[in-house]
Every structure is written in structure tokens, then in C-alpha cells.
Colleague: 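Quick one: the structure is below, questions incoming.
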Amino acid sequence: MSRLGASQKPVIPEMEETLAYPRRNGEPVFDAPWQSRAFGMVVSLHTEGKYPWNDFKKLLIDSIAGGSCPDAPEDTPDYYYHWVAAFSRLLVEKGILTEVELVDRQHEFLSGRRQQVY
Amino acid sequence: MPAYDEEPIFGTHDHKDANHHHTWTKPSTIEARVRALESLLVEKNITTHDAIDTLVAVFENDLGPMHGAKVVAKSWVDPAYRARLEADGTGAIAELGYRGLQTEHVKALFNSPTDHHIWVCTLCSCYPWTLLGIPPVWFKSPAYRAKVVSQPREVLKDFGLVLGPAVEVHVWDTSAEQRYLVVPERPPGTDGMSEDELAKLVTRDAMIGTGKALSPGEAGL
């Protein structure tokens with residue numbers, strides 16, 4: 001069950017300058033569904049108290065400083081690629097997931113052995 | 001507003017029915033990674049699909065400039081509403097259910113063929129969040145704040161908006177007590193459009209005064 005009650009609207013953390021969420025005309029922009037899922041997961045775990053926002057932010061800054069993400073196509077903005085990289089690292093650092101189970105599961109989706117997320 | 005309208009790769013519908021097959025398309029590396037993350041986190045009861053859906057919806061729907069756009073669209077189609085908006089901005093906006101936070105004192109500024117309005121916060125970065133969402137980065141920049149007062153036409157040019165010499169430009173300085181909302185002119189070729197469609201033409205920039213409302217073509221309608 002979601003722990004976000006109807007009366008309690010979740011607060012989306014503010015992100016500024018190089019970390020600012022991509023927007024078009026003031027509205028948030030997701031270029032693909034995976035980007036919104038990644039966004040939702042990172043904020044969801046934070047609002048549920050799994051980590052302080054700054055822990056994620058720090059890894060995001062590191063990832064962005066480290067240059068472009070290997071998975072990102074050259075001509076695409078790689079903002080959410082960095083989100084996924086930073087989030088993966090954070091989960092492993094916090095002991096929520098292991099690198100091995102994450103990579104294994106990713107291969108299951110890549111090979112088609114697993115197809116449904118729901 | 002989501003950038004995609006077609007069926008999401010994994011959407012909010014239920015896939016528990018084992019007989020419900022989709023043709024499988026190989027995901028990209030990043031898609032597979034994100035699916036791996038979501039499926040593992042849900043399995044471990046760290047979060048739920050619903051919680052993720054909720055946050056995405058809040059982010060997409062509650063922070064954009066659409067509340068202000070609905071006010072503008074209504075004033076375009078309903079002359080009585082327009083008159084009320086002119087007389088009492090705060091009251092007319094509250095009629096649509098947008099209250100609280102920083103919309104207490106809102107004055108609507110109506111653009112016309114002879115007058116163009118634009119607002120700025122020269123002292124800090126006062127902004128009607130409830131109506132327009134998150135302020136754009138440039139709104140808080142010292143360059144915009146300083147230059148729009150002394151050279152509004154130059155600033156508008158920077159935004160790609162060139163006004164004829166006959167148009168008078170009015171610059172308004174917003175404050176903690178007084179907020180503004182520019183009502184841009186209704187674009188031509190929009191007769192018969194619904195309020196919801198019209199609202200899509202009203203951009204954040206148009207409501208600050210650094211742009212005009214979009215044509216139906218520009219809005220992809």
C-alpha cells in the first residue's frame with residue numbers, strides 16, 4: 001500500500017541549476033516511460049524515509065561530473081541516465097539491493113526470460 | 001503533461017492475468033535496468049507501483065502552469081468571467097478552486113493590440129506558484145530582473161517577441177503582496193475550440209508576458 005495518504009501530498013524535492021529537472025514551458029518532461037518510472041522510484045523511496053535526499057543528490061552530482069553515461073545515445077540529454085546510475089549506486093550502498101541481483105534481473109529483462117514488471 | 005500518450009511500456013494496468021500476452025520487444029539496456037529496479041523494489045516491499053504512479057502524477061500535473069492556463073482560457077470564452085477577472089483577479093481565480101499559497105492578491109493584466117504587459121520580481125523571486133508552477137531559471141536571474149525594467153523591448157526580443165512601435169509595453173513589479181497574471185490575446189483561428197483545448201495554447205511565458213499564446217498549429221492541435 002502506498003503510504004502517501006490523500007491528505008498528505010508528497011513533496012517533490014527541488015533541484016536547481018545543473019541538477020534541475022528537464023522542463024518544457026515550465027512543465028516536467030519525460031521523453032520515455034522509463035524516465036518517469038526512475039523519477040518516481042527515487043522520490044518514492046526518499047519520501048518513505050529510505051534515505052535523505054542529499055545522499056541521492058551527491059551521487060547524482062558525481063555521476064554528472066563523471067561525464068556522459070555509457071548507455072545514453074550521443075544525441076540525447078542524459079539527465080535521467082544519470083538518475084538511474086546514481087540510484088543504482090545508492091541502493092547498493094544502502095544495502096537495499098546487491099549489484100549481483102540487479103545485474104541478473106536486468107539480464108532477465110534483456111533476454112526476455114522475464115517480461116512483466118507488474 | 002506527459003510527453004507520451006500512447007500505451008506506456010509498462011503502464012498502470014494490471015498484468016496479473018497469465019493469459020494476457022503482449023508481443024515482446026527487446027528493451028534497451030536502460031529500460032531493462034529500470035524494469036529490474038522497479039520489479040526488485042516492489043518484490044522486496046520497499047515501494048509499490050502505486051506509490052511510483054502517484055509521485056509521477058503529482059509531478060506532472062500539479063506543478064505545471066495549467067491552472068493559470070485554465071483561468072486564461074475561461075476568460076477567452078466567457079465574457080462575464082473576464083469581467084469578474086478584471087474586477088477582482090483573486091476572487092475570479094478562486095472560483096475555479098485555486099486558492100491559498102500565493103494567489104491571494106492576483107491582478108490580471110489583459111494584453112491587447114495596443115498594450116503588452118510583462119511582470120518581474122525585481123527584489124527577489126516572488127512568483128504565483130499555484131497558478132504557474134515552478135518559476136523558470138531565467139525569472140530569477142539578475143539579468144532578467146534588471147533589464148526588463150529598463151529595456152523591456154530588448155528583453156522581449158531575446159524571447160523572440162518583437163512588438164511594433166504602436167504597442168505600449170507595461171512592466172509590473174510583483175511583490176509578496178501583489179501577484180500578476182498576464183492574459184494574452186486569444187490567437188486567431190481558435191473559434192469553436194473548447195476551454196480545455198484553448199488552455200493548451202496558453203504557455204507559462206505568455207502568462208508572464210515574455211511570449212504570446214500559441215497558435216493551434218504550434219500547440220499540435
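Because the structure is a prediction, the values reported are computed rather than measured. Chain letters run A, B, ... following the sequence lines, proteins first, then strands; residues in each count from 1.
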Colleague: Check whether A/Glu108 gets within reach of chain B through its side chain, its backbone, both or neither, counting any heavy atom under 4.5 Å.
Modeller: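 Neither part.
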
Colleague: Tell me, for A/Leu45 versus chain B, whether the close heavy atoms (under 4.5 Å) come from the side chain, the backbone, both or neither.
Modeller: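 Side chain only.
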
Colleague: Return the orientation label for the B/His117 and B/His170 ring planes: parallel under 30°, perpendicular over 60°, tilted otherwise.
Modeller: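 Rings of B/His117 and B/His170: parallel, as their planes differ by under 30°.
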
Colleague: For B/Trp172 and B/Tyr180, take the angle between the two ring planes, folded into 0 to 90°, and tell me which bin it lands in: parallel under 30, tilted 30 to 60, perpendicular over 60.
Modeller: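 Tilted, since the angle between the ring planes falls between 30° and 60°.
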
Colleague: If contact means a heavy atom pair closer than 4.5 Å, which residues of residues 90-98 of chain A contact chain B?
Modeller: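 A/Leu91, A/Ile96, A/Leu97, listed by number.
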
Colleague: Is it true that, when you exclude B/Lys147 itself, more than 12 heavy atoms of the residues, nucleotides or ligands shown sit nearer than 6.0 Å to its NZ?
Modeller: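 More than 12 heavy atoms, drawn from other residues, nucleotides or ligands, come within 6.0 Å of this atom.
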
Colleague: Of all the heavy-atom pairs spanning B/Arg186 and B/Val77, show the shortest one and how long it is.
Modeller: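 Smallest interatomic distance, heavy atoms only, reads NH1-CG1, 3.8 Å.
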
Colleague: Looking at chain A, which one of B/Leu41, B/Thr29, B/Leu40 has the largest number of heavy-atom pairs inside 4.5 Å, strictly under?
Modeller: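 Counting heavy-atom pairs under 4.5 Å, the top option is B/Leu40.
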
Colleague: Where does the angle between the aromatic ring planes of B/Phe139 and B/Tyr144 fall among parallel (under 30°), tilted (30 to 60°) and perpendicular (over 60°)?
Modeller: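 It falls in the tilted class, 30° to 60°.
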
Colleague: Does the plane of the ring in A/Phe39 sit parallel, tilted or perpendicular to the ring in A/Tyr80? Use 30° and 60° as the thresholds.
Modeller: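 Perpendicular.
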
Colleague: With sequence neighbours excluded, tell me which residues meet salt bridge (charged side-chain N to carboxylate O under 4.0 Å, His left out) with B/Glu154.
Modeller: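 B/Lys157.
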
Colleague: Between the side chains of A/Arg105 and B/Ser39, does any donor sit under 3.5 Å from an acceptor?
Modeller: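 Judged by distance alone, the side chains do pair up.
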
Colleague: Given heavy-atom pairs under 4.5 angstrom as the criterion, report whether the side chain, backbone, both or neither of B/Ser28 touches chain A.
Modeller: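 Backbone only.
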
